[in-house]
*Asks:* 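So that we are looking at the same thing, I have put the structure below in structure tokens.
In this text, all values refer to a predicted model and were calculated from it rather than measured experimentally. In what follows, every chain begins at residue 1, and chains take the letters A, B, ... in the order their sequences are listed.
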Amino acid sequence: MRSMTVPASVPARVPVRTRFAPSPTGYMHIGGMRTALFVWLWARHNHGTFILRIDDTDQQRNVEAALAPIFRAFRWLGLNWDEGPEVGGAFGPYFQSQRTHLYTAAVEKLIVEGKAFRDYETPEQVAVDRAATEASKQTYLNVRRSLDLSAAQREELDAAGRPFVVRFLVPRDQKVAIDDAVRGHVEWDGALMPDPVIMRSNGSVLYNFATVVDDAHMQITHVIRAEEHLTNTAVQALLHQALGNTLPVFAHIPFITAPGSTKKLSKRDVEKLRNSPQLKKMFDRADEVFPQLGLGNSTTLNPVMVEYYERLGYLPAGILNGLSRLGWSLDDKTEILSLDTVIENFTLDRIVKAPAGYDTEKLQSYQQHWMNQLPLEQKVAGCVPFLQQAKLIPEEVDADVKAHVGRVIAAMADRLKVFSDVLDFKEFFVSDDAMTFDEKAFQQRIRGAEEAPGLLRLLRAELATVEPFDASTLDAFVHRFVETQGIKIGQIVHALRIATTGRAQGIGLFDALSILGRDHCLTRIDRALAACGT
RNA sequence: GCCCCCAUCAUCUAGAGGCCCAGGAUACAGGAUUCUCAGUCCUGAUACGCGGGUUCGAAUCCCGCUGGGGGUACCA
């Protein structure tokens with residue numbers, strides 16, 4: 001065997017060019033987003049170029065609609081692309097469906113040079129060959145019968161309209177090796193590789209081939225993609241060699257697995273894992289929030305989709321922090337990372353080799369951190385659209401409404417983890433009549449608690465005259481009340497909270513009272529007392 | 001079947017021969033604080049898959065095993 005090896009990956013050339021090539025599936029996968037982020041990061045770290053290329057060789061009808069969520073996700077997270085759809089660039093078009101002339105030319109070139117051949121084998125024959133090798137525990141290699149055809153025979157077949165595919169002729173006496181930036185040296189034996197089909201009988205080209213042509217044409221320096229493509233790389237490296245291209249640097253990053261699983265996170269998996277402890281929370285939240293926003297439920301938007309997070313009011317900073325830490329780390333301590341910090345420190349050699357489990361709990365904690373960093377005005381700005389969408393505040397937000405929202409959010413403090421959490425505090429946005437009492441809590445602490453209604457009535461009378469009606473005054477007032485009555489604070493505080501807000505837990509009680517204002521508090525207490533039948 | 005990849009706490013990870021009877025974070029448990037919840041602050045439990053080497057010394061290097069995963073398409 002000749003031990004000719006494809007030249008090892010070239011050292012990084014100065015102008016780094018990376019690409020992400022999604023297919024228009026109608027949603028942006030969170031795992032794909034993580035891959036895209038790494039690709040983007042490497043370009044930004046090197047002050048290079050990040051290219052978005054649309055892999056639409058499937059020829060779907062509605063590419064545009066299927067693409068919208070993908071662009072939306074990139075824009076939401078702030079991952080801009082330097083070349084690609086809508087922004088153009090010198091190496092376009094950026095839709096593979098519009099690049100067929102490049103592919104056919106490359107196929108022609110390979111055929112002419114004897115590096116690819118028309119294969120007239122019928123699918124049935126191929127299946128028979130395959131079954132035979134499998135039975136003998138051998139690696140399947142296609143039988144190159146079409147190579148023995150004479151020119152005359154070939155003409156005859158063509159005249160008869162016999163369909164053919166084009167196969168790349170794998171040099172079976174050669175080994176292929178790459179020096180993967182995250183995996184190191186990986187090697188395959190050409191003798192064990194079947195000749196891959198590069199062009200279908202209908203004339204369209206296959207992914208593996210289109211990628212090679214495009215990566216070369218677009219002068220991609222670093223092919224960063226998920227691990228599942230590692231095996232493809234053998235063929236692609238050979239193809240690059242045959243086409244006379246410089247081999248890009250490959251970096252195969254681990255894929256992310258479904259929470260509590262060792263398998264690749266896929267849309268279908270998630271449906272199956274709907275009841276896993278971690279994901280159940282995510283699904284339940286979707287079912288709780290999305291209907292209020294008129295966005296369907298967890299069937300329409302689930303946690304594998306980037307849009308799920310956007311629509312729930314996660315922060316790009318939180319998602320980006322979480323995604324960055326999935327298979328990459330800065331050092332042994334730093335967990336909280338801004339995008340700028342990641343850009344500055346992102347290197348391929350710090351990418352972990354093992355698959356990373358998608359940890360939504362940890363994502364949550366990053367999100368929490370970044371939400372807490374936000375100044376009040378930004379929290380308000382983030383929450384307002386959710387309140388509007390849920391029709392809890394008017395379309396026109398005047399200064400009063402804004403101030404009211406501000407007070408609620410300030411009082412919520414770190415109870416606000418994602419913007420849509422504000423919807424859990426409806427009691428501050430609905431009319432006194434529309435507010436609902438939590439039945440269980442009401443029963444336990446008001447109707448069923450002997451002293452409660454009486455105490456509430458007493459307190460209500462005094463509440464009518466407390467001045468000023470602000471949190472600290474109310475705080476002092478209630479404590480005084482407790483003392484005078486000779487009761488424990490717990491005997492009145494719970495009843496008061498439930499009477500005025502309808503719920504057993506929430507923001508600080510005195511904040512709640514002062515935000516609601518005296519009139520609403522009194523009306524609500526009256527409602528509660530009436531509901532006791534006293 | 002064949003080819004390839006991977007292997008540290010429940011999870012994300014640090015660790016590139018002595019700094020490690022393994023560090024951080026999340027989650028979990030207990031305690032403190034408070035009107036509830038959330039948070040915060042302490043405290044705690046939990047990991048180098050197994051077996052051989054190499055070495056004065058191995059989580060770190062080598063081999064084997066086991067386990068997990070990916071690819072094996074006229075899918076991407």
*Asks:* Regarding B/G70, can its base be found pairing with the side chain of A/E227 as donor and acceptor, where the two atoms are less than 3.5 Å apart?
*Replies:* no
*Asks:* Can you check the A/E124 CD to B/C74 P distance for me, whole Å?
*Replies:*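 Taking CD of A/E124 and P of B/C74, I get 13 Å after rounding.
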*Asks:* Send over the distance from A/L330 CG to B/A25 C1', rounded to a whole Å.
*Replies:*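 Between C1' of B/A25 and CG of A/L330: 14 Å.
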*Asks:* Of the options B/C6, B/G39, B/U26, whose atoms approach the side-chain atoms of A/K417 most closely?
*Replies:*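 The listed nucleotide nearest to A/K417's side chain is B/G39.
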*Asks:* Is there a donor on the side chain of A/T231 or the base of B/C3 sitting less than 3.5 Å from an acceptor on the other?
*Replies:*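 When only heavy-atom distances are counted, A/T231 does not reach the base of B/C3 through any donor-acceptor pair under 3.5 Å.
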*Asks:* Specify the residue among A/F164 and A/I507 whose closest nucleotide of RNA chain B lies further upstream toward the 5′ end.
*Replies:*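 Residue closer to the 5' terminus by nearest nucleotide: A/I507.
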*Asks:* What's the OH-P distance between A/Y366 and B/G24, to the nearest Å?
*Replies:*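 It is 15 Å, rounded to the nearest whole Å.
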*Asks:* Centre of A/Y140's six-membered ring, under 6.0 Å away, within 45 degrees of the axis: is that where NZ or CZ of A/R130 sits?
*Replies:*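 Yes, a cation-pi geometry.
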*Asks:* Where the side chain of A/P123 is concerned, which of B/U13, B/C74, B/C6 is the nearest nucleotide?
*Replies:* B/C74
*Asks:* Would you indicate which nucleotide in B/G68, B/A7, B/C74 comes nearest to any side-chain atom of A/R200?
*Replies:*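 From the listed options, B/C74 comes nearest.
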*Asks:* By nearest atom, which of the nucleotides B/A14, B/C35, B/G70 is closest to the A/L509 side chain?
*Replies:*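 It is B/C35.
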*Asks:* Can you find a side-chain donor-acceptor pair between A/D470 and A/S514 that sits under 3.5 Å?
*Replies:* no
*Asks:* Please work out if A/N208 contacts a base, only the sugar-phosphate, or nothing of the nucleic acid, heavy-atom cut-off 4.0 Å.
*Replies:*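 Counting heavy atoms under 4.0 Å across all strands, no contact is made by A/N208.
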*Asks:* With respect to the side chain of A/L192, which nucleotide from B/C3, B/A38, B/A14 is positioned closest?
*Replies:* B/C3
*Asks:* Would you list the pairs meeting salt bridge (charged side-chain N to carboxylate O under 4.0 Å, His left out) in which at least one residue belongs to residues 223-238 of chain A, sequence neighbours left out?
*Replies:* A/R183-A/E227, A/E228-A/K264
*Asks:* Quick one: is the NZ or CZ of A/K379 closer than 6.0 Å to the six-membered ring centre of A/F419, and within 45° of its axis?
*Replies:* no
*Asks:* Can you figure out which of B/C35, B/A7, B/U26 approaches the side chain of A/F510 most closely?
*Replies:*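 Minimum distance to the A/F510 side chain belongs to B/C35.
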*Asks:* Side chain of A/D414 only, heavy atoms from C-beta on: which candidate in B/G39, B/C75, B/G70 is closest?
*Replies:*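 Of B/G39, B/C75, B/G70, B/G39 is nearest to the side chain of A/D414.
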*Asks:* Return the nearest nucleotide to the side chain of A/K362; candidates are B/U36, B/G15, B/G24.
*Replies:* B/G24
